[in-house]
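Beneath this line is the structure, given in structure tokens, with notes to follow.
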Amino acid sequence: MFRIQTYNAISVKGLDRFPRDCFEVGSDFGHPDAILLRSHKLGEDEILPSVKAIARAGAGVNNIPLESCTQRGIPVFNTPGANANAVKELVAAGMLLASRDVVGGIRFVNELSDTMPPADMGKLLEKEKKRFAGSEIRGKTLGVVGLGAIGSKVARMALHFGMEVIGYDPALSVEAAWRLPSDVQRMENMASLFGRADFISLHLPVLDSTRGLVNADVLAGVRQGTVLLNFAREEIVDTEGVVQALEEGTLGRFVTDFPHPSLLQRDDVILMPHIGASTAEAEENCAVMAADQLRAFLDHGNIRNSVNFPTIELERTQGCRIAITNLNEPGVLSHILTLLGDNEINVVDMLNKSRDSIAYNLIDIDTAPGVDLVQQLEQVEGVVNVRVIDPPACP
Ligand SMILES: NC(=O)c1ccc[n+]([C@@H]2O[C@H](COP(=O)([O-])OP(=O)(O)OC[C@H]3O[C@@H](n4cnc5c(N)ncnc54)[C@H](O)[C@@H]3O)[C@@H](O)[C@H]2O)c1
Ligand SMILES: O=C(O)CC[C@@H](O)C(=O)O
């Protein structure tokens, strides 16, 4: 029986991927085998020694202490692309709300008295509506920073709106490049994108290299009245720099999913409470994907969509499987195999993959290893952890 500790509201469709004959799911376990969460900021002290894996039902993993997870041999999973459409649709809403004063118009109408005669109301609306006029987004230029799962969808959507689209992504993967519409013009650096766009939408992760990336200096280079949209992460944008650019009028509007007190009550700011991924569809997609990845790991040791471990999938044959995480250094694997041979254990199948500082091995053996052998394996220099994975009881 595996125990899955959840944080945040996880879609029931995802939780249902864990058959209750083999998994307990709850929010308060003493010895969880795995953690499934959304935006909860996970403290190192919350990752108990029993935890074997962590899955983020979402894209960003900045709420998980990645480095210490890697050192402890804990794979961290995310769900690439599973909420991209939800974010894309909200970016479309953000661009439209920034171009037409829908918010001001709705507020104005709702503040009218319900005792006003209908004919008077009609006259007043016609007289006042010029205050809420805007402009169209067709023909304008959108700059997309970060052209991964979300950025590529946003780019495609903007082309459908009849916009020009320019993009910047210094780390674009080959897979992401294939997804990108050919009409998107590639910018060599962020400054040229910021200098050319009417709308700028951010879709990059928060990393040491991207924290505070959009600051007063960068914003000084935008065209008068540019709209900046941040549906990525708060830390990427320097709020003081944004307020300064709004005050100076270079930035026309700021639309963000990450409100800050200094942005409240401003007509040139549209604030949303981190709802980019808050659709039934996205929550379900993320939860199902995260749960399936956790199950594949707990049941078989297989790894798909990890942000710190290599991708590895070994078809299950028969017998017992051991999963070993070790430092990615010469000699560790041969030491492990020698120990198995010395204990007369026959290796039926095996796969070894590495990523940065760690390596991960799936080794199928014909006989279950005894406690002594597991201890010997754990003591091999460079071995981080050893798991014996029996064939799963639930299909
Ligand atoms: N508002 C929300 O609810 C919400 C929902 C989903 C994701 N997000 C955020 O959006 C981010 C992007 O999500 P995604 O699914 O598209 O991820 P992704 O990994 O598919 O794409 C991110 C892209 O950013 C690029 N990138 C990295 N550093 C860059 C830099 N310095 N400049 C420009 N591009 C850079 C990467 O090469 C990659 O192509 C996530 O990391 C998360 O923080 C927010
Ligand atoms: O879970 C959420 O609501 C937000 C998820 C989002 O920030 C992400 O990084 O995918």
Side-chain angles (χ1 to χ4, degrees), residues 6-11 14 36-42 55-64 66 76-94 143-157 166-180 184 186-194 197 200-215 218 229-237 255-259 270-290 305-307:
T6 59
Y7 292 92
N8 312 117
I10 307 287
S11 159
L36 175 54
L37 80 172
R38 283 172 59 182
S39 297
H40 172 74
K41 186 143 186 63
L42 195 65
R56 160 73 152 115
V61 286
N62 54 306
N63 54 326
I64 300 168
L66 272 192
V76 175
F77 300 89
N78 73 346
T79 60
N83 56 24
N85 193 65
V87 181
K88 173 202 83 180
E89 290 187 5
L90 204 61
V91 171
V144 182
V145 183
L147 294 162
I150 299 171
S152 63
K153 280 192 187 306
V154 167
R156 192 177 294 278
M157 176 262 307
I166 57 179
Y168 172 68
D169 188 331
L172 192 67
S173 69
V174 174
E175 211 179 296
W178 274 104
R179 275 197 306 252
L180 207 56
V184 176
R186 191 176 143 207
M187 295 286 107
E188 289 303 327
N189 52 57
M190 229 175 65
S192 7
L193 182 144
F194 271 60
I200 298 164
S201 197
L202 307 175
H203 300 292
L204 63 166
V206 60
L207 307 167
D208 286 344
S209 57
T210 63
R211 211 164 263 124
L213 190 72
V214 180
N215 52 31
V218 174
L229 301 109
N230 182 14
F231 285 88
R233 278 293 180 268
E234 177 174 16
E235 297 90 329
I236 295 169
V237 176
V255 184
T256 182
D257 213 8
F258 308 97
I270 296 170
L271 299 169
M272 301 183 194
H274 194 189
I275 51 171
S278 296
T279 65
E281 294 86 344
E283 290 182 4
E284 188 178 312
N285 288 343
C286 290
V288 166
M289 198 169 177
N305 292 328
S306 170
V307 295

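The analysis underlying the following values was restricted to heavy atoms, covering all of them including side chains, and did not include hydrogens, waters or symmetry mates. Counting starts at 1 for both ligands and their atoms, in listed order.
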Who pairs with Glu89 by salt bridge (charged side-chain N to carboxylate O under 4.0 Å, His left out), at least two apart in sequence or on another chain? none
Side chain or backbone of Arg233 under 4.0 Å from ligand 1, or both, or neither, by non-hydrogen atoms? side chain
If you scan the protein for heavy atoms around atom 17 (O) of ligand 1, do you find one that is closer than 4.0 Å? no
Need the ligand 2 atom indices (1-based, order shown) with element for anything under 4.0 Å from a heavy-atom of Gly58. 10 (O)
Numbered atoms of ligand 1 (with element) below 4.0 Å of Val145, judged on heavy atoms: 33 (C)
Atom indices of ligand 1 within 4.0 angstrom of His203 heavy atoms, with elements: 12 (C), 22 (C), 23 (C), 24 (O)
Take the angle between the ring planes of Tyr7 and His40 and call it parallel below 30°, perpendicular above 60°, tilted in between. parallel
May I ask which of Ile150, Asp257, Val206, Leu193 has a heavy atom nearer to atom 7 (C) of ligand 1 than the others do? Ile150
Counting only heavy atoms, tell me which of Arg56, Arg38, His40 gets closest to atom 5 (C) of ligand 2. Arg56
Is the distance between the ring centroids of His274 and Phe258 under 6.0 Å? yes
One residue to check: Ile275. Relative to ligand 2, which of side chain, backbone, both or neither has a non-hydrogen atom less than 4.0 Å away? neither
Can you check whether Val76's main-chain N or O pairs, donor with acceptor, with Ser306's side chain at less than 3.5 Å? yes
Counting distance only, does the side-chain N/O of Asn85 pair as donor-acceptor with the main-chain N or O of Lys88 below 3.5 Å? no
